[in-house]
Every structure is written in structure tokens, then in C-alpha cells.
S.K.: 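Supplied in C-alpha cells, the structure appears directly below.
Not measured: the values here are computed from a predicted model. In the text below, chain A, chain B and the rest are named by the order of the sequence lines, each starting its count at 1. For the numbers below, each heavy atom of this structure counts, side chains included, while hydrogens, waters and symmetry mates do not.
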Protein chains: 2
Amino acid sequence: MLEAKLNEAALLKRLLDAVKELVTDANFDCNEEGITLQAMDNSHVALVAVKLKADGFQKYRCDRPIPLGVNLGSLTKVLKCAKDDDICTLKAADDADILSLTYQAKNQDRIAEYEMKLMDIDADTLGIPDTEYDASVTMPSGEFARIVRDLSLLGESVRIEVSKEGIRFVSDGEAANGNILLKQNAEAAKKGKKGSSSKRKGSDDEDDEDEEKPDPEDEEGAAGSDEEVSGGEGGKKKVKKEKVKKEEKDGEDVEMANGADEADEDEDAGEFKPSKKEAGSDAEEEDDDEEEGGSGKKRKKAPGKSGKPAKKAKKGEADADADDDFEGVRIEMNQAVTLTFSLKYLVNFSKSSALSKKVQLMMSNDVPLLVSYGFNQGHIRYYLAPKIGDD
Amino acid sequence: MLEAKLNEAALLKRLLDAVKELVTDANFDCNEEGITLQAMDNSHVALVAVKLKADGFQKYRCDRPIPLGVNLGSLTKVLKCAKDDDICTLKAADDADILSLTYQAKNQDRIAEYEMKLMDIDADTLGIPDTEYDASVTMPSGEFARIVRDLSLLGESVRIEVSKEGIRFVSDGEAANGNILLKQNAEAAKKGKKGSSSKRKGSDDEDDEDEEKPDPEDEEGAAGSDEEVSGGEGGKKKVKKEKVKKEEKDGEDVEMANGADEADEDEDAGEFKPSKKEAGSDAEEEDDDEEEGGSGKKRKKAPGKSGKPAKKAKKGEADADADDDFEGVRIEMNQAVTLTFSLKYLVNFSKSSALSKKVQLMMSNDVPLLVSYGFNQGHIRYYLAPKIGDD
DNA sequence: GCACTGCACG
DNA sequence: CGTGCAGTGC
């Protein structure tokens with residue numbers, strides 16, 4: 001039985017607005033740790049991962065893992081019936097094919113109940129490769145949205161170049177070329193709000209639950225992250241373990257083609273290859289890593305990139321952006337990275353701006369880009385394989 | 001070499017929004033006086049003329065005349081990448097086939113550079129007949145836009161009747177007829193802000209550079225109008241010289257079919273006939289008038305209509321609307337005029353409302369309507385031949 | 001290939 | 001609420 005009480009329906013509404021264009025149906029996987037959703041987009045090029053932590057709810061109870069197969073269009077409609085500040089309670093029986101949503105006005109004088117049919121969705125939930133990234137850029141989410149929207153007018157893809165200079169977005173189109181350079185704000189380097197100098201790690205990614213160790217300084221560290229990061233706080237915030245394990249889900253992991261860490265299939269950059277749980281062979285690849293959670297770093301297969309001293313990534317905070325009021329651009333990198341991506345997807349990702357004032361881009365050469373928006377209760381992350389060649 | 005720095009990208013953005021639906025490609029003709037664009041619409045029924053004065057730029061330099069052949073769709077896209085208040089710099093080498101646009105945030109923390117391919121456009125730039133108009137109506141641009149949009153729902157064309165009574169827009173549609181009468185505001189007559197009674201002329205048209213004589217009382221008189229109008233200030237503001245010469249452009253003038261002044265080809269009301277510069281014969285027609293600028297009145301070919309004592313038209317002001325805060329409808333006329341126009345085009349013209357709070361309609365029987373929006377740095381004008389008969 | 005309708009964004 | 005863009009149908 002699931003019962004999850006959310007203080008503001010707005011969060012769910014925004015999440016669905018962000019995801020519904022990318023995916024039509026998906027499982028909301030509920031377990032005692034919270035609710036996660038993972039899905040590939042319809043053309044299997046991008047991957048979305050949403051996490052809502054149990055302790056972010058006003059009340060949360062989930063006796064045993066339940067996958068709620070939802071048509072996102074339907075859920076969006078139902079959520080439109082909620083006011084932004086309604087208290088929203090989700091309920092489902094263990095065996096249910098129905099999800100109940102209750103909207104309760106804060107002033108108690110209105111209660112609305114909706115019931116939505118659930119569906120059986122083939123869980124092509126996936127194991128997300130645990131990757132270390134060579135570059136992490138944190139910037140205002142609105143700015144990111146604006147840039148990719150702008151460049152999408154000119155061409156199909158954007159080359160993102162991260163260097164000491166800053167981050168540059170370049171698009172070559174038929175009729176026009178464009179390039180936008182954002183320099184790292186000077187203050188970004190010294191803004192050691194969380195202790196170590198520029199290492200504030202300032203990411204919205206609060207690292208997946210099993211890999212990070214809660215960082216006390218972090219506001220959201222309290223949110224119950226139980227994963228440990230590789231380096232001490234000194235290093236650049238490189239995500240040590242981006243591989244999201246298929247927690248509680250056994251055997252359903254899918255291999256991301258570009259997740260270079262486990263298998264060096266960098267050539268697959270063009271598209272993720274989700275393996276259904278039924279595809280035992282593929283699943284195995286990831287499964288071995290699945291169960292270990294406590295000790296961080298597991299699964300860091302691409303050690304070469306982690307050469308730099310990883311600082312104690314103070315990730316762990318879903319609300320990196322929430323707590324970090326720094327307005328500018330922060331870049332943390334071990335080496336320069338240049339990658340090319342489809343703008344169509346980035347534009348889509350950038351719809352999540354409503355969820356966070358900041359966005360974090362994590363990149364390594366030949367590895368899928370991670371675009372991460374963190375908020376108090378969790379995060380939404382997108383993975384997008386780079387284009388190969390430089391088309 | 002051209003380098004033009006505009007303090008607000010918004011101006012260019014609005015200009016392109018206004019023009020791009022009418023014309024797909026056009027030359028931006030740059031010379032030391034500024035930048036002009038003249039083009040017929042795709043079906044050669046309407047004509048647009050845009051002027052941006054050199055002194056309206058924060059910085060302007062143009063060593064020698066350069067025509068920049070631009071695809072307006074592409075330029076629109078590139079301009080969408082600018083924020084309204086970005087400082088926008090246009091650059092082009094003399095021989096260039098590339099236009100560079102740089103957007104600089106006012107706060108300096110972002111610099112975006114775009115390069116757009118230019119094209120060779122057959123300069124069917126045209127000489128715009130210098131017409132005296134029998135009636136001039138200045139009204140809020142939003143009101144004009146609303147009226148033509150409304151009437152376009154009912155029918156294809158509108159009959160515009162200007163009389164002492166006011167200005168009336170009449171549309172007869174299949175299912176319904178409509179007519180809207182705007183009376184001249186009483187105050188318009190006495191609002192002798194500039195000296196003579198209602199003659200404030202309040203037009204957005206600041207008359208092309210060489211034809212007007214600056215009128216001291218006019219706020220925008222300073223804008224450098226050097227033409228004199230026929231009558232003394234007492235008369236109605238009739239535009240004495242609407243013929244836009246092809247400044248700096250030699251031989252490229254085209255004759256507007258309906259420009260009745262030179263040749264009395266009123267029968268051509270249906271469509272403009274642009275003559276390429278190659279068409280030497282046509283060009284000559286207008287060229288003779290081209291060079292005289294200082295002494296007003298030149299080129300007043302249709303004296304018959306100027307029978308009334310034309311008041312000193314205080315045109316010359318590009319920012320007629322800018323300086324004229326008068327909110328109502330002002331009519332200045334020598335004789336009643338009734339003309340019928342295609343609403344489709346008027347609706348299109350009215351997209352320029354973003355550029356000016358006021359619009360000026362200039363009409364004479366059987367002559368193309370001039371719809372003029374003035375702003376601080378210049379103007380945008382549209383010419384539309386009347387429908388013949390009363391269909 | 002063009003036009004119309006629906007969806008999404010500002 | 002209005003405008004623009006994309007997808008579908010004719």
C-alpha cells in the first residue's frame with residue numbers, strides 16, 4: 001500500500017509538465033525510500049530519471065515496492081485539477097490498477113478526489129551508468145533554457161565546449177551560426193559557502209541515494225542521503241557515481257549505450273540501448289553492480305577520468321540550487337570537454353526550469369551528458385548521448 | 001565596412017516582426033546616412049520602406065554604401081536570440097557575404113555572436129513617388145490594428161472614407177457588414193502645440209531626409225527634416241513629398257505604378273510596378289527629382305490636389321508619435337477621400353504597432369495609401385495601391 | 001505540396 | 001489569451 005502526502009501539488013504538476021513531452025507512459029516506482037521514475041524517451045535517445053525522496057513528503061508510507069504504470073497525459077490532466085498549493089495525497093493498493101489522488105485545500109474547505117486507471121508498463125527501467133564527469137557547470141536554469149531555445153532556431157545541434165575560459169555553446173546552422181560564451185563568474189571560485197573553496201559542488205544533483213554519504217553542511221544533506229562520495233570535500237565536484245542503480249527493482253536494469261564506465265561502448269553514443277528486464281543478458285551487465293549501495297564509488301569504471309583529486313562532492317543535496325543562491329555560472333572541471341548534442345532534446349530538458357533556478361550540466365568526452373535539476377525533495381535528471389562525429 | 005551599434009535590440013526585432021510576413025528577402029542598404037530597406041511584398045502589391053537614421057545609433061560607421069542582402073526569416077531567427085535590451089552591434093565588411101550580429105547584455109556578463117549568411121538580392125529598390133496627399137489621418141496605432149483585424153473577419157476589403165466628419169472604415173462581407181467611424185477629437189483642432197491650430201501635423205512620418213524642412217516648433221523638427229511644405233503653417237498637413245528617393249543608390253529607383261504625381265497612371269492602382277535599376281527608363285522618371293533635397297516642394301507634381309492652402313506640414317519628424325502624446329484622432333485634409341483597400345495587407349501593416357503608438361494614414365484618390373509609423377530613429381512606411389472599382 | 005487543426009509557449 | 005510551430009489531412 002502506498003500513501004504519499006505532498007505539501008504542494010505544484011511540484012508534481014511541474015514534474016509532469018517537464019516529462020510528459022518526452023515520455024508518454026512510465027512507471028512510478030514506489031518503495032520505502034521514495035518514488036522514482038525512469039524512462040527513455042519515445043525514440044530511446046534520452047533518458048529521464050526523477051526522484052522524490054520519502055522524507056520530502058509530509059507523510060510517506062510504502063509497505064512494499066509498487067510500480068505504478070501511468071499514462072503521463074492522463075496524469076497531467078488529473079493534476080491540472082489541483083491548485084498549486086493544494087495538499088496532494090497519492091494512494092494505491094499493493095495490487096491496484098488504480099491510483100487515487102486527493103487534493104485538499106490548505107484551508108481545509110475543499111477536498112477533491114480523483115482516481116486514475118493504471119496500466120501495466122513493461123519496465124524498461126534502466127541502470128544508469130555510474131560515471132565520473134570531467135566537467136560540471138552550474139548555471140541559472142533560465143539562462144540554459146534561453147540559450148538552447150535560441151540556438152535551436154539556427155540549427156539542429158549544439159557543440160558545448162567547457163574550458164577554463166568558461167562554457168561556450170556553438171551552433172552552426174544553414175543560414176546562420178551562433179555562439180554564446182558564458183564566463184565563470186569570478187566570485188564562483190571563492191564562494192566556498194560549504195567549506196572548501198570553490199568546491200561547493202553546487203550541484204543540484206544530490207547523487208542517488210545509495211551512493212552518496214550525506215554531507216552535513218548541505219542543507220539537504222539532512223534529507224537523508226545515504227551515499228558517500230568519492231573524494232573529500234577539497235576536489236572539484238565531479239560526480240563519482242552517476243549510475244543510478246535500479247534500486248528495489250531487480251533485473252530491470254538497462255544499459256545506457258554511452259555509459260562508458262562499465263562497457264567501453266563509446267561508439268554507441270548515438271542512442272541509449274535500454275534492455276528490458278526480459279533481456280536477461282543485457283540486464284546482467286548492470287545487475288552485478290546493482291545491489292551494492294552503501295560504499296560509494298562502486299561501479300566507477302572509467303577511472304582514467306577521475307585522475308584529479310575528487311573533492312568530497314557535497315552532492316547529496318537535491319536542493320543544491322535551492323540552497324545555493326549564487327546567481328552566476330560555476331564551472332568545475334578536470335579537463336576541457338567538447339561535446340555535441342541534439343538541441344531538440346536539450347530544449348525539452350530545459351522545460352524543467354520551473355523546478356529549479358539552477359541547472360547542472362555534467363560532461364565527459366564520449367559519455368552522455370547529464371542535465372540535472374535539483375529541488376528540495378529530489379531531482380529530475382536527463383541523460384543525453386552526444387552526437388558522434390561533429391555533425 | 002559597416003558597424004552599427006544599437007542600444008536596444010528590441011527595435012530591430014520589432015521591425016523584422018513587422019516586415020517579415022510581407023517580404024522574404026530584402027536589401028538593407030547601408031550608407032553614411034543610415035540604413036534603409038525598401039521592398040515590394042511577394043505579390044508586388046504593397047511596398048515597405050524602412051529607414052534607420054545613422055544618428056539614431058549609439059555608434060554608426062559606414063565607409064561606403066553597402067547593400068546587405070538578407071533573408072528576413074533568417075534574420076528574424078537570429079534576432080530572436082537577442083534579448084530586448086541587449087546592445088546589438090551589426091558588422092559587415094565591404095565585400096562581405098556575412099553579417100555579424102553581436103549581442104551584449106547590459107550587465108556585460110554574456111556575449112553572444114551570430115553570423116548570418118548574406119545573399120545577392122536583385123535590387124528592385126524603388127523610387128517612391130513623391131505624392132501630395134489630400135488627407136492625412138493620425139490615430140493610435142493600436143486602434144488602427146484593431147479596426148482592420150475586426151473588419152478582416154467580415155470581408156476581404158475595407159473602404160476608407162475620410163471627410164470632415166471623421167474617418168470611416170466600411171467593410172461589406174458575405175455574412176455581415178461593418179463600419180467604424182472615428183471622429184476627429186475636438187481637441188485635435190485646437191491642440192496647437194506647435195503653433196498653428198490643428199496643424200500639428202502629428203505624423204509619424206518624418207519625411208524622408210531630403211525633402212522636409214525642419215519645423216522648429218516640432219519636437220522632431222530637430223530630427224533633420226529639410227523640406228518645406230506647400231502652404232504656410234495654417235494649412236492641413238499634407239505630405240508634400242512622399243517620394244522616397246533612392247538615396248545613395250544610383251539608378252535603382254523604381255516607379256510605383258500608382259504614384260500619380262509624375263505620371264498620371266492612376267489606372268495602375270492595382271499593383272506597384274517596380275522597375276529594377278537595370279530598367280533605366282523607368283528609373284529615370286524619378287531620378288530627376290532625386291538630388292534636390294534642401295528646398296522643399298520639389299517634386300510636388302500633383303499640384304491640383306494641393307489647392308487648399310497646405311499648412312506648414314510639420315512633418316519631418318520621425319518621432320511624430322514619440323513627441324506627439326496626443327491620444328486621439330487627428331485629421332488634416334484638403335478634400336474628402338474614399339478609397340478601398342485589401343484588408344489582408346492592412347492587417348499585415350498594422351503589425352508595426354509595436355514600433356509606435358501612433359500611425360498616420362495618408363490618402364489621395366487613386367493613389368496608393370501610405371501607412372506610416374514613426375519612431376525615434378526612423379520610420380517604417382507601407383504603400384498600398386487602392387482597389388479599383390469598389391470590390 | 002498546401003491548408004487546417006491542435007498543441008505548446010510567451 | 002493570443003501567437004507560433006508542428007503534425008495530419010486533403
S.K.: I need the single residue from B:Thr89, B:Val78, B:Ile87 that forms a side-chain contact (heavy atoms from CB on, under 4.5 Å) with B:Tyr103. Which is it?
M.R.: B:Val78

S.K.: When every nucleotide of nucleotides 4-9 of chain C is labelled 5' to 3' by its protein contacts under 4.0 Å (heavy atoms), B for base, S for sugar-phosphate only, - for none, what sequence of letters results?
M.R.: ----SS

S.K.: Is B:Lys351 salt-bridged to B:Glu21, cutoff N-O under 4.0 Å?
M.R.: yes

S.K.: Is the backbone N or O of A:Asn7 less than 3.5 Å from a side-chain atom of A:Lys106, with the two atoms forming a donor-acceptor pair by type?
M.R.: yes

S.K.: Could you tell me whether A:Lys13 and A:Asp17 make a salt bridge, using a distance below 4.0 angstrom between a side-chain N and a carboxylate O?
M.R.: no

S.K.: What is the distance, rounded to the nearest whole Å, between atom CD of A:Glu156 and atom C1' of D:dA6?
M.R.: 14 Å

S.K.: Please list, one pair per line, the donor and acceptor atoms closer than 3.5 Å that link side chains of residues 175-183 of chain A to other protein atoms, with sequence neighbours excluded.
M.R.:
{"unit_1": "A:Asn177", "atom_1": "OD1", "unit_2": "A:Gly173", "atom_2": "N", "d": "3.3"}
{"unit_1": "A:Asn179", "atom_1": "OD1", "unit_2": "A:Arg168", "atom_2": "NH1", "d": "2.7"}

